[in-house]
Amino acid sequence: MSVQERKERERAGRERLIVATARELAEQQGWDAVTTRRLAERIEYSQPVLYSHFRGKREIIGAVALEGAAELAAAVRTATAAADGPRARVAALARAYLDYAEHNPAVYDAIFLLDGGLPYAQEDTPAPLKDAFAALLEPLAEVTGEGVHPGLYTETFWAALHGLATLTRNGRLPREFAEQRVQLLVDRLAVLPPNT
């Protein structure tokens with residue numbers, strides 16, 4: 001291994017450590033607790049080292065969001081692959097999405113609520129964000145219904161899931177009815193073509 005390759009590997013390792021530490025701190029204490037000073041103390045590097053990887057907290061949030069989007073896409077695909085039939089895949093998608101949001105609240109916030117400096121729904125949207133949307137679109141395209149654009153349908157279904165996730169987490173919706181909400185969403189929005 002050349003000196004340059006070793007340096008690049010060390011740099012990538014530091015970057016992963018910064019992102020993992022920021023994520024851990026955010027999950028434990030919230031994003032307000034994530035500062036470059038605290039991160040530097042936790043990972044035992046100086047603040048200038050942090051700034052050599054990220055220009056600030058906003059970029060760190062963006063890095064956590066990209067990592068989280070990849071995880072969310074994988075969770076949705078794993079859940080939908082195990083389901084039998086279009087409606088079952090949509091229900092599995094909804095449960096996987098809501099489960100990810102519940103168990104990773106700080107990462108979920110980084111993806112969908114905080115400013116990580118990432119463009120969404122644009123030509124230059126980063127691949128992990130596009131892939132997370134694609135993971136939702138794939139099973140939802142099966143139940144979109146005639147004359148409805150699959151992308152718009154996916155956005156609408158996703159918005160409903162996002163609302164359920166955030167309202168439940170904030171105590172606005174009682175958790176004990178979570179499964180009934182998922183079933184209602186699937187029953188009302190998942191339109192199967194005739195003979196399916």
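The first residue of the sequence shown is numbered 1, and numbering continues consecutively from there. Values below: all heavy atoms of this structure, side chains included; hydrogens, waters and symmetry mates excluded.
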* **Nearest non-hydrogen partners of Val182 and Ala91, listed with the distance** => CG1-O, 4.2 Å

* Start with the C-alpha distance between Arg38 and Thr21, add both sets of side-chain angles, then the distance that settles side chain to side chain contact (heavy atoms under 4.5 Å, CB included), and finish with yes or no. => CA-CA 10 Å; Arg38 273 188 137 163; Thr21 305; over 6 Å; no

* Given side chain to side chain contact (heavy atoms under 4.5 Å, CB included), test Gln47 with Thr35 step by step and report yes or no. => CA-CA 10 Å; Gln47 283 181 289; Thr35 64; over 6 Å; no

* Asked: What distance separates Glu142 CD from Leu137 CG, expressed to the nearest 0.5 Å?
  -> 10.5 Å

* To do: Output yes when Glu5 and Arg9 qualify as a salt bridge under the 4.0 Å nitrogen-oxygen rule, no when they do not.
  => no

* Can you tell me how far the CD1 atom of Ile60 sits from the NE2 atom of His53, to the nearest 0.5 Å? -> 10.5 Å

* Taking the side chain from Thr125 and the backbone from Gln122, do they hold a donor-acceptor pair closer than 3.5 Å? -> yes

* Over 12 non-hydrogen atoms of neighbours within 6.0 angstrom of CZ in Arg175 -> yes

* **Any donor-acceptor N/O pair, Arg23 side chain to Val107 backbone, under 3.5 Å** => no

* Does the side chain to side chain contact (heavy atoms under 4.5 Å, CB included) test come out yes or no for Leu93 and Leu161, once each step is laid out? -> CA-CA 10 Å; Leu93 172 157; Leu161 288 175; 3.6 Å; yes

* Whether Thr168 side chain and Ala165 backbone form a donor-acceptor pair below 3.5 Å -> no

* Are any non-hydrogen side-chain atoms of Val34 and Trp31 less than 4.5 angstrom apart? -> yes

* Just by distance, do the side chain of Asn170 and the backbone of Thr166 share a donor-acceptor pair under 3.5 Å? -> yes

* Distance in Å, Leu173 CG paired with Arg181 CZ, rounded so as to fall on 0.5 Å steps -> 4.5 Å

* Asked: So, the side chain of Lys130 versus the backbone of Glu123: is there a donor-acceptor pair under 3.5 Å, distance only?
  -> yes

* Between Arg6, Lys7, Glu8, which is the residue that forms a side chain to side chain donor-acceptor pair (under 3.5 Å) with Gln4? -> Glu8

* Asked: Can you find a pair of side-chain heavy atoms, one from Lys57 and one from Ile61, that are under 4.5 Å apart?
  -> yes

* **Pair Arg89 + Glu138: basic N to acidic O under 4.0 Å** => no

* CG of Leu50 to OG1 of Thr36: how many Å apart, nearest 0.5 Å? -> 6.5 Å

* Is the count of non-hydrogen atoms from other residues, nucleotides or ligands lying under 6.0 Å from Glu10 atom CD greater than 12? -> yes

* Between Glu27 and Asn104, is any pair of side-chain heavy atoms under 4.5 Å apart? -> yes

* How close do Ser46 and Ala40 get, heavy atom to heavy atom, and via which atoms? -> C-CB, 4.0 Å

* Group every Ile, Leu, Val, Met, Phe, Trp and Tyr by side-chain heavy-atom contacts under 4.5 Å, then state whether Leu167 and Val186 land in the same group. => yes

* Could you state the interatomic distance from CZ (Arg169) to CG (Leu164), rounded to the nearest 0.5 Å? -> 13.5 Å

* If you group Ile, Leu, Val, Met, Phe, Trp and Tyr by side-chain heavy-atom gaps below 4.5 Å, do Tyr120 and Tyr108 land in one group? -> yes

* What is the minimum heavy-atom distance between Tyr97 and Val76, and which atoms define it? -> N-CG2, 4.5 Å

* Asked: Between Glu179 and Arg95, does a side chain to side chain contact (heavy atoms under 4.5 Å, CB included) hold up when you go through it step by step?
  -> CA-CA 8 Å; Glu179 184 56 33; Arg95 288 183 193 103; 2.6 Å; yes

* To do: Indicate the atoms forming the closest heavy-atom contact of Gly151 with Phe133, along with that distance.
  => O-CZ, 3.7 Å

* Asked: Rounded to the nearest 0.5 Å, how far does CG of Leu39 lie from OH of Tyr45?
  -> 13.0 Å

* **Note, Trp158 side chain near Phe112 side chain (heavy atom, < 4.5 Å)** => yes

* Do any pairs count as a salt bridge (charged side-chain N to carboxylate O under 4.0 Å, His left out) and have a residue in residues 147-159, sequence neighbours left out, and if so which ones? -> none

* Asked: When clusters are formed by joining ILVMFWY residues with side-chain heavy atoms under 4.5 Å apart, either directly or through shared neighbours, do Val148 and Leu136 land in the same one?
  -> yes

* Work out which heavy atom in Phe157 is nearest to a heavy atom in Ala94; give both atom names and the distance. => CE2-CB, 4.4 Å

* Asked: Quick one: does Tyr100's side chain get under 4.5 Å of Ile111's, heavy atoms only?
  -> yes

* Asked: With Arg58, which residues qualify under salt bridge (Lys or Arg N to Asp or Glu O under 4.0 Å), at least two apart?
  -> Asp115

* Asked: Looking only at heavy atoms, what is the nearest atom pair of Ala73 and Ala132, with distance?
  -> CB-CA, 3.8 Å

